[in-house]
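Quick note on labels: first sequence line is chain A, next is B, and so on, each numbered from 1. Predicted model only: the values in this text are computed from it and were never measured.
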Amino acid sequence: MKRVALLGMPNTGKSTLFNRLTGSQARVGNWPGVTVDLATARVLVGGHMVELVDLPGLYDLHGFSEDELVARHFLEAARVDAIAVVLNASQIDRQLALALQLKALEVPTLVLLNMADEARRYGIEIDVERLGTGIGLPVAAISARFGTGVPEALAKLAHLLDTAPHPREASVRAALAEDHRREEEIEALLRDSVVVPERLSEQASDRIDRVVLHPWFGLPLFFLAMLAVFQAVFWLGSPMQGGVEALFEAVRRLALEPALAPLPVLLRGLLLDGVWAGMGTVAAFVPLIVVFFFFLAAVEDSGYLSRAAFLTDALMARLGLDGRAFVMLLMGFGCNVPAIMGTRVMRDRPMRLLSMLTIPMSLCSARLQVFVFIAAAVLAPARAPWVLFGLYVMSFAAVIVTALLFRGRFASAEPFVIELPPYRMPTMRQVWMRGWVEVKHFLRRATKFIFLGVIAVWLLTHLPSGAAPAGPDTIAGWIGSAMQPVLGPLGIDEKLAVALIFGFVAKEVVIGAFAVIYGLEGDALAAGLAQSMDWVAATSFMLFTLIYTPCLSTVATLRSESRSLGFTTLAVAWPLALAWAASFAFYQGMRALGF
Amino acid sequence: MTVRLPLSELAPGDRGVIAAVDGPEGLRKRLAALGFRAGRAVVMMRRGSLCGPLHVRLGTTDVALRPAEAAGVSLRPTETAGVSLLPAVAPAT
């Protein structure tokens with residue numbers, strides 16, 4: 001099997017190409033000498049079975065960011081048969097440098113000129129044949145988004161592999177000395193094979209930017225856009241959610257209950273009320289997550305997220321963070337785990353740790369599930385959206401407090417220099433693929449946690465045998481009572497305390513736990529919850545759930561990304577303290593005001 | 001003797017030609033990869049409110065950077081972007 005490394009600067013469509021070539025077959029794996037997981041997939045190229053490795057985006061083979069180090073170490077440690085480097089054709093003037101750096105490694109290299117359509121819109125003409133001759137490497141023009149030119153590019157890659165010598169480690173260091181000579185070479189190549197118009201026409205992106213990056217309207221527009229996305233997620237997701245719930249209830253009534261009737265009571269209870277109820281709870285929230293990630297992918301692909309970084313940098317700089325941290329916080333509203341992994345784009349370790357400390361405060365989709373459920377069950381329809389909106393505001397507030405408190409400890413000198421790519425219409429294929437991969441990833445991780453969590457809850461709420469389910473005599477009841485001196489002042493009773501304990505496993509377990517603790521499901525569970533707490537207690541509970549301790553997957557990611565047990569401990573302990581303080585202030589304050 | 005002006009001082013809509021890029025090595029490499037090289041034309045598209053980042057354009061590349069980072073890029077103010085391969089578009093005001 002041959003190994004091909006896919007390389008390119010950020011915003012060149014490298015990942016789009018990787019997705020197009022590999023479908024959703026990609027897996028992540030460990031590599032010797034490399035500190036992060038890299039996506040790989042097997043693809044048939046001509047007669048060769050190729051292991052395609054997607055390396056992180058890099059600007060400079062000799063750069064200092066973590067991603068650049070990863071790419072360099074990979075090339076030095078892993079034997080590659082060939083390199084495919086993706087260049088943005090409309091920015092060829094500055095991207096050729098990377099191709100020339102790679103050429104110096106003396107590994108067979110294919111240059112892929114992506115976004116040729118965008119370059120044409122600028123009036124940039126590239127003579128691909130001449131460029132290939134001039135640079136001394138095979139060159140192919142492609143559109144990763146629409147797939148044009150990709151078969152021809154693969155044919156060129158196959159030809160490259162046919163004639164490739166035995167793979168060896170590249171010696172990046174030896175190639176370093178050559179850097180300064182390259183500028184003249186680039187100028188010559190550009191003069192020879194690239195035609196650039198005297199004056200570039202005004203692009204659609206300029207007109208959009210004039211509105212979207214407006215000094216006064218930019219930020220309000222950004223917050224409005226985010227609010228609209230969340231509204232749309234509910235509007236689309238809720239009916240689908242109802243459908244899935246109904247399906248699970250029907251299967252239980254028509255198939256499972258008759259089939260499991262002969263089993264002993266305890267085992268039947270475990271299977272129906274533990275396993276099946278838990279699975280149904282997970283499944284009912286899948287539509288919401290699907291819709292959420294479709295929207296997030298669309299916003300991300302459009303190029304708007306880097307504008308969000310531009311708009312928010314002035315605020316973030318005061319927090320000791322930068323606009324990229326804000327973008328990652330936004331990603332955190334989908335799921336904290338990829339957001340924490342995404343902080344790798346920040347080259348400065350202190351700032352990266354500070355963002356990793358703040359991201360778990362982002363109201364992720366798992367917490368949203370819990371809040372939507374409780375809000376629908378307990379709060380008046382007129383009040384529910386405001387409480388949900390308030391929780392988002394509190395989420396930002398928790399981020400700000402955390403950043404301000406810890407910015408001295410994680411002081412940074414990280415430069416803020418990012419590209420603002422032109423706006424691009426997201427393709428359905430990309431949005432679908434991204435959404436689907438995220439959902440698959442979420443389900444794989446969530447299902448395991450929720451499954452174990454819900455069974456654990458069922459056991460704790462039903463043992464010792466003979467005790468009333470989830471009653472004060474069960475193990476869970478004992479724990480809930482023991483926590484009362486701490487949680488009582490927050491308006492969190494014994495039953496809710498038990499649900500919180502299982503929220504440590506994964507936030508979404510909280511609802512699965514409700515189903516078992518109250519012994520109710522669906523509408524009955526909603527009614528049961530509404531009886532046991534008023535809106536102040538419910539909001540206090542949601543506030544606590546929002547901030548207290550990241551879920552187990554997030555903690556695991558914090559540990560693996562920070563490689564520091566001390567930092568991980570801080571990232572678990574600090575939110576717990578902040579959550580208690582916030583809920584205490586809210587609950588006691590509201591009660592004092594007479595609510 | 002040419003008068004040098006830091007990029008961070010440019011007003012929205014103004015353009016200049018880069019004379020030199022100074023700063024720590026990591027920053028210089030990143031700026032070079034994004035197209036900040038001596039002789040290239042650069043246009044100030046807009047300045048972020050609240051002393052926020054600057055939006056500058058080099059050829060077909062748009063970059064956002066903080067004033068502190070832009071201060072290391074010095075310019076020769078000029079009306080024509082003679083040496084640049086990719087003349088930048090003048091932003092509408």
Side-chain angles (χ1 to χ4, degrees), chain A residues 9 58-60 62-65 68 88 90-95 97-98 118-119 122 124 179 183 187 190-191 194 196-203 205-207 209-210 213-216 218-219 306-307 309-315 317-318 322-323 347 413 415-422, chain B residues 7 12-13 15 18 21 23-43 45-73 80-93:
Chain A
M9 290 195 189
L58 79 168
Y59 283 105
D60 187 313
H62 311 118
F64 298 106
S65 77
E68 284 165 338
N88 180 341
S90 62
Q91 302 175 339
I92 187 166
D93 53 321
R94 65 177 177 85
Q95 301 221 342
L98 183 60
E118 222 166 70
Y122 282 113
I124 298 170
D179 266 2
E183 241 159 75
E187 296 293 319
L190 290 172
R191 257 199 312 276
V194 180
V196 172
E198 268 307 301
R199 194 179 169 80
L200 296 170
S201 57
E202 194 194 43
Q203 299 289 311
S205 286
D206 295 326
R207 291 192 288 275
D209 272 345
R210 229 176 296 142
L213 299 183
H214 189 276
W216 298 110
L219 263 185
S306 55
R307 266 73 179 183
F310 175 85
L311 287 168
T312 52
D313 188 66
L315 302 172
R318 287 166 174 78
D322 71 10
R347 296 188 292 160
F416 177 82
V417 183
I418 58 163
E419 220 187 310
L420 300 174
Chain B
L7 173 61
R15 62 167 56 200
I18 296 172
V21 180
E25 195 189 356
L27 176 62
R28 269 188 290 125
K29 273 197 192 303
R30 172 63 50 87
L31 288 173
L34 285 165
F36 288 85
R37 293 199 305 266
R40 292 292 310 269
V42 57
V43 186
M45 301 299 288
R46 57 177 55 78
R47 307 179 67 106
S49 44
L50 309 167
C51 302
L54 314 174
H55 175 183
V56 302
R57 174 168 295 174
L58 300 106
T60 50
T61 304
D62 283 29
V63 176
L65 75 172
R66 284 186 186 152
E69 270 93 45
V73 179
T80 52
V83 226
S84 167
L85 271 157
L86 295 173
V89 63
T93 43

Heavy-atom closest pair, residues A/Ala317 and B/Arg66
CB-NH2, 3.8 Å
For the residue pair B/Leu27 and A/Val417, establish whether any side-chain heavy-atom pair is separated by less than 4.5 Å.
yes
For A/Phe416 against B/Glu69, the heavy-atom pair lying closest together
N-OE1, 3.0 Å
Any residue meeting salt bridge (Lys or Arg N to Asp or Glu O under 4.0 Å) with A/Arg207, in chain and number order, not counting sequence neighbours
A/Glu202
OG1 (B/Thr61) and CG (A/Asn88) are apart, to the nearest 0.5 Å, by 7.5 Å
Separation between SG (B/Cys51) and CG (A/Asp313), nearest 0.5 Å, reads 11.5 Å
Is A/Leu213 close to chain B through its backbone or its side chain, or both, or neither, when contacts mean heavy atoms under 4.5 Å?
both
Any side-chain heavy atom of A/Leu420 sitting closer than 4.5 Å to one from B/His55?
yes
If the condition is side-chain contact (heavy atoms from CB on, under 4.5 Å), which residues does A/Ser205 pass it with, not counting sequence neighbours?
A/Pro422, A/Tyr423
Under 4.5 Å heavy-atom distance to chain A, tell me which part of B/Leu31 shows up: side chain, backbone, both or neither.
side chain
Check A/Ala314 against B/Pro53 and note the closest heavy-atom contact, atom names and distance.
N-CD, 4.1 Å
Measuring heavy-atom distances to chain B, does A/Ala97 have an atom under 4.5 Å in its side chain, in its backbone, in both, or in neither?
neither
Distance from A/Met9 atom CE to B/Leu34 atom CG, nearest 0.5 Å?
7.5 Å
Using 4.0 Å as the upper bound for N to carboxylate O, is an ion pair formed by A/Asp206 and B/Arg57?
yes
Should A/Glu68 and B/Lys29 count as side-chain neighbours, where that means a heavy-atom distance under 4.5 Å?
no
May I ask you to say whether A/Asp60 pairs ionically with B/Arg30, meaning some side-chain N is under 4.0 Å from a carboxylate O?
no
Contact class of A/Asp209 relative to chain B, heavy atoms under 4.5 angstrom
both
